[in-house]
J.: 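After the structure tokens below, expect a handful of questions from me.
The sequence lines fix the lettering, A, B, ..., with proteins before strands; numbering per chain opens at 1.
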Amino acid sequence: MSTLQPVRGTHDLLGEECLRHRKVIDTVRQISGRYGFDEIATPVFEKTDVFSRTLGDTSDIVTKEMYTFEDKGGDSLTLRPENTAGVARAFISGGLAQNLPLKFIYQGPMFRYERPQKGRLRQFHQVGAEILGVEGPLADVEVISLGAHFLDALGVLGSTTLELNSLGDGESRKAYREKLVAYFEGHLGDLSKDSRDRLARNPLRILDSKDEGDRKIIENAPVIADSFNDVSKAFFDQVLSGLDTAGVAYTLNPRLVRGLDYYCHTAFEFTTTELGSQGALVAGGRYDGLIKQMGGPQTPGTGWAAGIERLAMMIESPEGRARPLAVIPIGDVAEIKALEITQQLRHAGFTVDLGYSGNMKKRMKRANNVQAIAAVILGEDELQNKAATVRDMETGDQLEVPLASLEDHLTRYR
RNA sequence: GUGGCUGUAGCUCAGUUGGUUAGAGCGCCUGGUUGUGGUCCAGGAGGCCGGGGGUUCAAGUCCCCUCAGCCACCCCA
């Protein structure tokens with residue numbers, strides 16, 4: 001075993017793993033295109049305050065999970081822990097407010113200094129979708145529908161549950177927060193240590209607690225829907241009826257919350273029970289306060305992000321590239337002719353493997369290893385006859401074919 | 001960051017109460033076939049037993065530290 005190890009929580013992607021990632025990305029591109037989304041690629045690092053100002057000073061992401069460093073110019077930069085803030089920054093710096101609404105998907109690596117587990121890495125990959133500039137609930141419906149459609153196209157929608165909640169608008173959320181804090185303060189002595197910490201930092205998070213003692217207290221905690229004002233209630237109702245119309249099934253989960261301050265109204269997660277404690281496959285919500293908070297014009301937004309590694313573990317094994325033809329020359333003269341024929345075949349649309357060295361036996365073995373569907377053998381005899389021997393690698397049948405009709409003959413293997 | 005489990009060949013794993021040159025299957029290489037793979041037969045290469053320290057006459061095996069993976073928590077995709 002080599003002592004040269006990759007950085008903790010990072011992973012080389014190759015072989016089937018890489019195909020799985022590609023499948024996830026190809027699928028989100030394909031499906032989101034039908035919804036009128038365009039792709040955006042923002043830098044993997046930003047000025048640190050892009051994240052620290054927007055994600056909140058108390059969030060775990062900011063306090064302990066960011067890869068932050070100073071560059072040679074003295075700027076504090078951070079490897080992006082998520083991409084919504086990056087998209088918002090691009091929106092502001094690019095002056096994109098002229099063309100609302102905007103619908104973006106993105107894809108790429110994210111970085112968080114966390115303790116790795118399965119489906120949870122320090123460099124991981126996400127795909128995401130965002131709609132900017134739409135105040136109404138239809139954007140939420142569309143973004144969630146896209147999520148469901150995407151999961152369906154990956155063949156995993158059936159193993160997921162769409163959990164849905166609303167945090168209400170700022171006013172409702174604030175009122176609820178006060179009620180909740182008052183309630184939990186009344187049970188301070190019975191709360192777990194983690195939850196007592198959360199009470200000060202992020203009281204809504206207590207609703208998520210897995211501690212059994214906490215759960216009993218949570219059962220009787222005030223429910224957010226009771227704190228909704230008319231606007232919040234109407235918004236949520238329209239999201240629900242929109243999803244009904246769109247044919248997207250959901251489960252209401254009044255305990256589903258978002259830690260970050262800029263979230264409001266819709267919060268949702270597509271979860272699975274098949275990946276242990278890393279159950280969130282696609283998660284998102286509405287963030288009407290984000291862009292303004294970053295110094296841009298008041299612009300509402302709604303969207304989600306999905307973990308590619310997690311989805312990659314869920315999907316069926318994707319097909320690799322087409323089985324190739326293997327061109328096998330015997331001798332130096334044939335080698336040159338083989339290169340010529342190989343390029344002709346590739347330009348004609350065939351997938352062709354040309355071994356780089358070795359005697360015929362070695363090259364046949366390689367042809368077998370790359371799962372060639374047929375071998376095109378070029379020896380002295382064939383060269384003299386202006387022909388090639390085509391061997392079907394499944395049946396072992398061989399036939400000498402004139403070079404002039406080689407492409408026609410090989411069409412059956414395409 | 002906290003707690004627990006696990007690290008032996010490229011891969012999956014055996015390895016007895018501490019006791020000779022650490023094994024198997026798969027994969028890889030060579031030959032049986034100087035123009036024929038996949039099957040078969042014969043042979044071969046490949047291990048600082050994750051790393052460091054300690055106990056012992058003797059450590060893959062026991063102890064400590066460390067690194068990594070996994071599981072749960074925290075948190076999240």
J.: Please give the distance between the C1' atoms of B:A68 and B:U8 as a whole number of Å.
T.: 15 Å
J.: Check whether any side-chain N or O of A:K210 sits under 4.0 Å from OP1 or OP2 of B:C73, and answer yes or no.
T.: yes
J.: Identify which nucleotide among B:C73, B:G69, B:C28 has an atom closest to any side-chain atom of A:Q117, counting heavy atoms from C-beta outward.
T.: B:C73
J.: Once you measure the plane-to-plane angle for A:F268 and A:F270, does it fall in the parallel (<30°), tilted (30-60°) or perpendicular (>60°) bin?
T.: perpendicular
J.: Can you tell me whether the side chain of A:R310 and the base of B:C76 have a donor-acceptor pair closer than 3.5 Å?
T.: yes
J.: Indicate yes or no for a side-chain donor-acceptor contact from A:T161 to the backbone of A:E163 under 3.5 Å, with no hydrogens or angles considered.
T.: no
J.: Where the side chain of A:K103 meets the backbone of A:Y35, is there a donor-acceptor pair that is under 3.5 Å apart?
T.: yes
J.: Categorize A:E269 for me: base, sugar-phosphate, or nothing, with a 4.0 angstrom heavy-atom threshold over every strand shown.
T.: nothing
J.: Kindly say whether A:R53 contributes a backbone atom to a donor-acceptor pair with the side chain of A:Q293 at under 3.5 angstrom?
T.: yes
J.: To the nearest Å, how far apart are A:R122 CZ and B:G69 P?
T.: 8 Å
J.: Check whether any side-chain N or O of A:R177 sits under 3.5 Å from a backbone N or O of A:L204 as a donor-acceptor pair, and report yes or no.
T.: no
J.: Under 4.0 Å, counting only non-hydrogen atoms across every strand here, what does A:E309 touch: a base, just sugar-phosphate, or nothing?
T.: nothing
J.: Classify A:G9 by what it touches in the nucleic acid, base, sugar-phosphate, or nothing, heavy-atom distance under 4.0 Å.
T.: sugar-phosphate
J.: Ring-plane angle category for A:Y287 and A:Y263, please: parallel below 30°, perpendicular beyond 60°, tilted otherwise.
T.: perpendicular
J.: What is the separation between atom CZ on A:R8 and atom P on B:G7, rounded to the nearest whole Å?
T.: 18 Å
J.: Less than 3.5 Å between a donor and an acceptor, one on the side chain of A:N368 and one on the base of B:G38, is that the case here?
T.: no
J.: Using Watson-Crick or G-U wobble geometry with both distances under 3.5 Å, which nucleotide pairs with B:A68?
T.: B:U6
J.: Give me the distance, rounded to whole Å, that separates B:G44 from B:G23 when you measure between the P atoms they each carry.
T.: 13 Å
J.: Rounded to whole Å, how long is the line connecting atom CG of A:L311 with atom P of B:A77?
T.: 13 Å
J.: May I ask you to say what A:L121 touches in the nucleic acid, namely base, sugar-phosphate or nothing, with a heavy-atom cut-off under 4.0 Å?
T.: base
J.: Starting at the 5' end of RNA chain B and moving along, which residue's nearest nucleotide shows up first, A:M393 or A:A306?
T.: A:M393
J.: What does B:A42 pair with, Watson-Crick or G-U, if both distances are under 3.5 Å?
T.: B:U30
J.: Nearest heavy atom decides the nucleotide; on that basis, is A:D381 or A:G307 closer to the 5' end of RNA chain B?
T.: A:D381
J.: Mind checking who B:C74 pairs with, Watson-Crick or G-U wobble, both distances under 3.5 Å?
T.: none
J.: So which nucleotide from B:U36, B:C75, B:C67 ends up closest to the side chain of A:M364?
T.: B:U36
J.: Provide, to the nearest angstrom, the distance between the CE atom belonging to A:M360 and the C1' atom belonging to B:U33.
T.: 12 Å
J.: Between A:E130 (side chain) and A:G301 (backbone), is there a donor-acceptor pair under 3.5 Å?
T.: no
J.: State which of B:G37, B:C28, B:A77 makes the closest approach to the side chain of A:R391.
T.: B:G37
J.: Let's test this: given Watson-Crick or G-U wobble pairing with both distances under 3.5 Å, identify the partner of B:A24.
T.: B:U12
J.: Assign A:A305 to base, sugar-phosphate, or nothing according to its heavy-atom contacts below 4.0 angstrom with the strands shown.
T.: sugar-phosphate
J.: Could you work out the separation of B:G69 and B:A58 based on their C1' atoms and round it to a whole Å?
T.: 32 Å
J.: Quiz question: going by heavy-atom distance under 3.5 Å, is there a donor-acceptor pair between the base of B:G37 and the side chain of A:R366?
T.: no
J.: Using only side-chain N and O atoms of A:K365, determine if any of them is under 4.0 Å from OP1 or OP2 of B:C28.
T.: no
J.: To the nearest Å, how far apart are A:L14 CG and B:G10 C1'?
T.: 12 Å
J.: Look at all strands and tell whether A:I328 reaches a base, only sugar-phosphate, or nothing, counting heavy atoms closer than 4.0 Å.
T.: nothing
J.: Remember a base hit wins even if backbone is also touched, and classify A:G128 as base, sugar-phosphate or nothing at under 4.0 Å, heavy atoms.
T.: nothing
J.: Have a look at A:R115 and say if it touches a base, only the backbone sugar-phosphate, or nothing, with a 4.0 Å heavy-atom cut-off.
T.: base
J.: I'd like the P distance from B:C70 over to B:U56, given in whole Å.
T.: 38 Å
J.: Let's test your reading of the model: under 3.5 Å, does the base of B:G35 pair with the side chain of A:E382 as donor and acceptor?
T.: yes
J.: Please state whether the base of B:C74 and the side chain of A:R196 form at least one donor-acceptor pair under 3.5 Å?
T.: no
J.: Just how far, in rounded Å, is C1' of B:G69 from CG of A:D12?
T.: 15 Å
J.: Could a donor-acceptor pair under 3.5 angstrom be found where the side chain of A:R205 meets the base of B:C75?
T.: no
J.: Nearest whole angstrom, please: distance from the P of B:C75 to the CD of A:Q278.
T.: 13 Å
J.: Tell me, yes or no, whether the heavy-atom count around A:F45 atom CZ, taken from other residues, nucleotides or ligands under 6.0 Å, exceeds 12.
T.: no
J.: When you measure from the side chain of A:E114, which nucleotide among B:A72, B:C75, B:G35 comes out closest?
T.: B:C75
J.: Expressed in angstrom and rounded to an integer, what is the separation of A:E65 atom CD from B:C75 atom P?
T.: 10 Å
